[in-house]
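To start, the structure under review is shown below, and the notes come after it.
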Amino acid sequence: MLAYSLKRLLQLVVSTFGVVTLVFFTLRLIPGDAAAALAGDTITGEALERLREQMGLNKPILAQYLTYLWDLVTLRFGETITTGLPISGLLSQAFPITLSIALATITLSLIIAVPLGAMAAFMAHKGRKTLDNLITTAAMLADLMPSFWTGLVFLLFFSLMLGLFPASGMVSFDDPVTFLKRIALPVMVLSVTQIATMARITRTAVLEVLSEDYIRTARSLGWSEVRVLFRHALKNAALPIVTIVGLSFGSLLNGTVIVEFIFTIPGLGSLLVNGINSRDYQLVQTLIVFYALFFVSVNLVTDLIYKQIDPRVQL
Amino acid sequence: MSKTLLATIKTPGFHFPTISLPGKSLLNINKKMRIALLILVPILLLTAFSSWLPLPGPLQTNLRAIMQWPSLAHPFGTDRMGRDVLSRTLSGVQVSLLVGFSVALISTCFGIVLGTVAGFFGKFIDRAIMSVVDIFLAFPSLLLAIGLVSVVGTGLWPVIVAITLADVPRFIRLQRSLVLSLRSRAYIDAARTVKASQWWIMRRHIVPNTIAPLLVTASIAAAHAILVEASLSFLGLGIMPPAPSLGNIIRDGQTYLEQAWWISTMPGLVILLIALSLHFLSDGIREALDPRARK
């Protein structure tokens, strides 16, 4: 286990290095450098040259690359080009918000999807297919609905028509109730897709386990159907469920960008969209690297949990 | 975990069906394909002949008919400048279909070439190609497309380039795994023993056998590309107004959600229909080509 964790950690470092390298050199392909982007039309000639020198853009590209790497390793992300705010400060404000949305979505989806999927499998096993068919169809539809569209429909219905949740306003951890109300709609929107995927996987996994010998044994011991389903069947179906949580994390991250934009939540996604709109490459490149690192780390954790849950898994 | 279970776990839209050559079987239109065509053909026809419909042009404003409810004259209503939403939507569908089709086609071509090279030659070339692929796969797909848009810029063709670049790595990986599984087949060994050239084996035995699973994947990739383009345009990073795209029409309607819900919701329904039909198409193709997938 330890050897495996170390090996995966090394892989993580290598792929992060790859990501950083790719991002650095790709952004250098943009016509006109960061200094020109910052200066706009106002600064030209000698002043522009001085700005370049200040930003280290007149050094050879390899030197710039090494400086950039060293800055990343020592966690010096620098300042945004447009506003001059320290990027690390922006990240430490935005990341907890996005993380809470992601974690809340995963929790809510698991709470709803796992029992739902298990029930569907149980019904299907007994030959009653209605709930099963319903879930399969709903899952497919929910999977294909563009999240920005679901977002707007939810905004229209729950916020503008029913007035249940605020559509805008401050997002701050100081006031937990307001915070939860504020992230409720985004979490619901993201959960639609997640629940669809998770319920479908749970259903398939449980259905497969239900025909195993040990389930028949459990039944023959006279235990109730509910206990057999939730204690025995579901436990053995946990592996694919963990896998799908890990696999769908990418689409969850994609979704956070969209919902943060719709509900004006100052998370990583809003930061990224604003960064691109204001051509703030320093900010954009840091964010992209940060997202990739986040995503890859989650995959790593999923793999480790996987091994922890099921000792049979050979890694 | 059993094989069937592994197959149902969703690796975004990518399945690994083992399939024989696409031949006659593709012509047997099954139920799922029929559903797909039933949705897709009317949309295609409406889009193709949109200029013959009794609708104002997609860019034609009419300040006397601002934010009107859906009616016979304007089936999807009108927007804040009195433009006909149906007309704009159809024009947006053209963009979506162009993006979906181009991305699927270009990604498949690149996937075939690079994936075959990586899988067939192995060793150094394989490692080089796959390490770049792995780096790309370290990003969630929409985020990768957003990042690439910041480099290539906005507009129709840059967006197609960005989405394609974000999609190609998955095609390469699929093609490589298909080639790897084919490479050890007996008939390839047979071809080797009669001193067939590598190029000939690749062209004659390997690539044709990978077309079918690629076709299944390509139709899902088209649906995916349409959704990504719409998302980009919605975020204001894709196709820029006044040129209509489904994403930017929906973005446009967001401000007037309370007064004119139809501006945003109608184009969204159309996206859903297109994505749904492409999924049915992909499922249908898979069933047609792989008898074991039939229930």
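Order of the sequence lines sets the chain letters (A, B, ...), proteins ahead of strands, with each chain counted from 1.
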Side chains of A:L160 and B:W261, heavy atoms from C-beta outward: is any pair under 4.5 Å?
no

A:V284, part contacting chain B, at a heavy-atom distance under 4.5 Å:
side chain

Would you say A:S15 and B:D134 make side-chain contact, with heavy atoms under 4.5 Å?
no

Does A:W149 reach the main-chain N or O of B:T265 with its side chain, forming a donor-acceptor pair under 3.5 Å?
yes

Against chain A, label B:L276 side chain, backbone, both or neither, depending on which of its atoms sit under 4.5 Å from a heavy atom there.
both

Between OG of B:S150 and CG of A:L283, what distance do you get to the nearest 0.5 Å?
11.0 Å

Here the gap from B:L235 atom CG to A:S270 atom OG, rounded to the nearest 0.5 Å, amounts to 9.5 Å

Using the six-membered ring wherever Trp is involved, compare the ring planes of A:F148 and B:F234 and label them parallel, tilted or perpendicular (cut-offs 30° and 60°).
parallel

Rounded at 0.5 Å granularity, tell me how far OG1 in A:T26 sits from CG in B:L165.
9.5 Å

If one checks every heavy atom of B:S131 against chain A at 4.5 Å, the contacting part turns out to be neither

List the steps and the verdict of side-chain contact (heavy atoms from CB on, under 4.5 Å) for A:V23 and B:F139.
CA-CA 11 Å; A:V23 170; B:F139 298 98; 4.1 Å; yes

Verify the neighbour count for atom CZ of B:F110: are there more than 12 heavy atoms of other residues, nucleotides or ligands below 6.0 Å?
no

For B:L143 and A:I288, which heavy atoms make the closest approach, and how far apart are they?
O-CD1, 4.1 Å

Residue selection (most heavy-atom pairs with chain A, distance under 4.5 Å) from B:S264, B:S231, B:G147
B:S231

For the student: nearest non-hydrogen atoms of B:G236 and A:N277, plus distance
O-OD1, 4.1 Å

Does OH belonging to A:Y214 count more than 12 external heavy atoms closer than 6.0 Å?
yes

CZ of B:F101: more than 12 outside heavy atoms within 6.0 angstrom?
no

Return the CZ to CG distance between B:F280 and A:L144, rounded to the nearest 0.5 Å.
9.0 Å

Min side-chain heavy-atom separation A:T21-B:I135 under 4.5 Å:
no

CD1 on A:I262 to CD1 on B:I250, rounded to 0.5 Å
9.5 Å

Can you tell which of B:L269, B:L137, B:V149 has the highest number of heavy-atom pairs within less than 4.5 Å of chain A?
B:L269

Taking all non-hydrogen atoms of both residues into account, name the closest pair between A:G250 and B:P140 and its distance.
O-CB, 3.4 Å

Selection from B:I146, B:I226, B:V152 maximising heavy-atom pairs under 4.5 Å formed with chain A
B:I146

Which value, rounded to the nearest 0.5 Å, describes the distance between B:D283 atom CG and A:M140 atom CE?
8.0 Å

If you take all heavy atoms of B:L272 and A:L141, which pair is closest and at what distance?
CD1-O, 4.0 Å

